[in-house]
Amino acid sequence: MGNKYLLALAFAAIFAISASQALAQTEASPSSSGSLETIVVTSSTRVQEQLKEVPTNITIIDQEKISQTSAQDLGELLFQEGFQVYGYPAGGQALVVRGMGSNQSGSETNTRVLILLNGRRIGINSLDFTGLANIERIEIIRGPASLQYGPSAMGGVINVITRRGSEDFKAYAEVGVGSYNQNKEKVAFSGKARDLDISFGVTHDFRDDYKTGNGFIWKDSRYGNHTNANLDIGYTFLNNHRIDINYYYLDINGNLCPGMTGEVSYLNPVDPGNIDDFSRTDVSLSNAAFSYEGKTEDNLFNWSLTYGTGRNKESGTWATSIWDLDTLTSFVSYNGDLISSVLGLDYSKYVIKSDSWGELPISSMTDLGVFLTTKLHLLENNLIFSAGGRYDTYKNKYETGELSQHAFTPSIGVAYNPVEWLKLRANYSKGFKMPTPIEVFPQSSGSYTYLFNPGLRPEKSKTFEIGTDVYWSFITGSLTYFHSDWDDKITSVEVAPNMRQNVNLTNSEIAGLEFALSADLGQAFDQDFVLKPYVNLTYLTKRKNKDHTGGNQSVEYLGFDTLTNVARTIMNFGVNFHHPGINLKANINARKMWGMISQTWNNYDMGHGMGRNNSFYNYDNDFIVDLSLEKRLWDFEKFGHLNLKAQINNIFDAFYMPYINYPGPGRNFYVGLAWEY
C-alpha cells in the first residue's frame, strides 16, 4: 500500500471516529514536571516503579516536550536534548552515551546503546527509526543496563514507549512544508471502546539535498521517502489481563551511505560529473510483537510474556544486509511492601545475510539470558536498596563453525529520599557486548580479507555512579558523577597487506559529570503559564585509551591516549513557554559540542580546514540554535482545534558536524497546520 493511501485512510479513520465521539474539548493546563513520588518509569526494572526508587540517572522526555520540539525524529530530539548523536545527512543516526556507542547505524548487534520499542528489541540502532507520532514518552537509562536487557546495553538504553488507547479519545493530523523542498505529513489517533483499545501513528517526510552552514549543497543528502508507522491493538479481559498486538514499520529511501570514500564520491562538493545516487542506501524495518500481561487483584504479582519477530534490511549500491530477528521475553514480579523482585528470561536470535562485495554465508547469533532483581524498601519506602544479576549464554554460528560464550552482569544500588523533593543515589553495574559472527569468523569484504579469531572476547564495562535528583517546587535538577572501565573493546587491525583481524584492546577509562537544571518561573510566581529556562551539560573528565598493543585505536597508533569519536563537552540550553490563555507554545534551544577527535577519510577540504585521508582532527561545533512556535488558530467546538506550527532551525546558519566530514543542514524553515482533537 502506498504512503498516500495509508495517510488517506488514517485521516478518514480519525474524522470518522471523532464525529462519532462528538465530545466537547477542554483546554488542558500546562503540565507540571511532576515529582519523585508521582513520576513512574518502567525501563529500570521492566515494571512500573516510582522515580524515587531508581538508583541510576534516567532522563524522561514526556509528551509535552515532544510536542514542543522542532525535531523531526528521535535522533534530532536527542541531539536537541544534549546527547551526542552521529547524524548522517539523509538518515542513519547513531548515539553515544557516556562515551560508548557506535558511529554507524545498522543492526543493534553493532552498538553499545540499545534502542527498545515498548521494552522490546526491534533489531535496529538507528535513531531516525521513529517519527515521533503516537509517542507517549521516551526513557533513557544513562550507563549500563545489561542486567535488565542483556548485550548491547553497555552505554545505556533508549526505550520509546508508544501510546495506548484510552477512553479519552485523541487524534492528531499535521501537514507542512519546509526548506529544501521538504514536505511532511503526520497522523495519530488513539481510543478505547469497552475492552478494546487501539492506537495508531504514521509520519511521512521528504527532503531534497540541503545546504550546509558554509554554503555547500551537500550532494546526495536528500531522502525521497521517510515513513514510520506504529499500530497497537489491545484487549482487556477479566479486569487484570490484557493481550496486545503491536506492529512497527519503517521505510527510508535514499539514505546516504556513510562508508564510501574516494576521488569521485559524495564527499566531493565540486561534483566532477553526475554522481546522483552514487552512494544510496534504502532502509526498511518491520517488526511485530504479540504479548500477554496480567496481575493479581491486589497487584502483588505481575507477569508478562512477549514474542516479537521482524526484519531489518539495508539495500545499497554495493551491498545488501538483512537481519532477521526473533525475540521472546517474559518476567514475573512480586511487589511486597518490604521486598519487591523481578525474575525474567530473554531469548533473541539474529539470522544475518550480507552480499557486501560478494555474497557472504548466512550467519546467526543467539542469546539466552536469565535475570533477577530485588529491592528492599525501608524507612517508609524512602530508603531503597537494589541488587541483581544476569547470566547470558550466547552462540555465534558461521559456515566454518560456531563459538559459544557466556557473561555474568551484576548490579547493586541505593536510593535515599531524606525529604520528598530530594533523592540521593549510588549504583555499581556491569555491562557487555558480545562479538558478532562477522567479527569472529573469516570473511572477505572489499579489498580486505578478515582472519578468524576464535579467542575474541566480549566487550565488558564496569561503571560506578553517584548523584542526586531534585524536584523542589518549581525547580527540577540532577547532578551525576560516573566512572567507567571499558575492557576488551573490539577493533580491527591490519596484520598483513590487505589482511585484517578483529582483536580486543586492553582497557579504556571514561569518567565525567552529567548536569541538568530547569525552573518553571510561571509556577514560581503563581501564573497560569509555563516559562521554563533549562540547561543540560555533559562533561567528560577522562576519556583515556590505556591500550598499548599496537591496535588500530591504540596509543601507539594514534600517538595520543584520548578516545576518538567521543566529545569532551556537550551542552544544550533554552526556554520553554506555554500560555494557555493566548494558546501559544514556544521553545528556543541552543546546543554545542566541544573537543571531539575523529579520523577523516575524505580527500577534500570542504572549507572547514580538514581533509587528507587518515588524518586526525580535534574539532568543536558552533552553537546551533532552533526556534519552534505553535499558535491556536481556530476552535471547532466539539471537533478539536487547528494550530499553526512554525520552526526556524539553525537560526544563525552555523557550520557544524555531528560526525567528521558529515556536516548538518544550515538555516532552514518549516511551517505546518496541525489539527488536534
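One is the number of the first residue; the rest follow in order along the sequence.
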Which heavy-atom pair separates Asp653 from Arg667 by the least distance, and what is that distance?
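Shortest heavy-atom separation between Asp653 and Arg667 comes out as OD1-N, 2.8 Å.
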
Using distance alone, with no hydrogens and no angle criterion, decide if [X] and [Y] have a side-chain donor and acceptor under 3.5 Å apart.
X      : Y      : answer
Asn134 : Tyr172 : no
Asp251 : Ser284 : no
Asn57  : Glu465 : no

Checking the side chain of Asn650 only, and the main-chain atoms of Asn668 only, is there a donor and an acceptor separated by less than 3.5 Å?
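Not a single qualifying donor-acceptor pair exists.
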
Verify, without hydrogens or angle tests, whether Thr111 (side chain) and Val113 (backbone) share a donor-acceptor contact under 3.5 angstrom.
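Present.
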
Using the ring-ring contact (aromatic ring centres under 6.0 Å, His included) criterion, which residues pair with Phe623? Sequence neighbours excluded.
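Testing Phe623 for ring-ring contact (aromatic ring centres under 6.0 Å, His included), a comparison that skips the adjacent residues, returns Phe573.
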
Leu531, Asn589, Asn587 screened by side chain to side chain contact (heavy atoms under 4.5 Å, CB included) with Val575, the one that passes
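The single option meeting the side chain to side chain contact (heavy atoms under 4.5 Å, CB included) with Val575 is Leu531.
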
Can you list everything that forms a salt bridge (charged side-chain N to carboxylate O under 4.0 Å, His left out) with [X]? Sequence neighbours excluded, please.
X      : answer
Lys542 : Glu509
Asp208 : none
Lys645 : Glu174

[X]: side chain to side chain donor-acceptor pair (under 3.5 Å) partners, not counting sequence neighbours:
X      : value
Asn536 : Asn572
Ser478 : none
Asn230 : Asn246
Ser179 : none

Residues which pass side chain to side chain contact (heavy atoms under 4.5 Å, CB included) with [X], listed by chain and number, not counting sequence neighbours:
X      : result
Asp622 : Ala654
Thr569 : Leu537, Tyr539, Trp594
Lys585 : Glu64, Ser67, Gln68, His578, Glu630
Ile570 : Gln84, Ala567, Met593

Evaluate the side-chain contact (heavy atoms from CB on, under 4.5 Å) criterion for residues Val85 and Leu127: first the C-alpha distance (whole Å), next the side-chain angles of each, then the deciding distance (0.1 Å), finally the verdict.
CA-CA 9 Å; Val85 176; Leu127 294 175; 3.9 Å; yes

Using the six-membered ring of Phe482, assess whether NZ or CZ of Arg98 lies under 6.0 Å from its centre and within 45 degrees of the ring axis.
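Arg98 over Phe482 ring: yes.
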
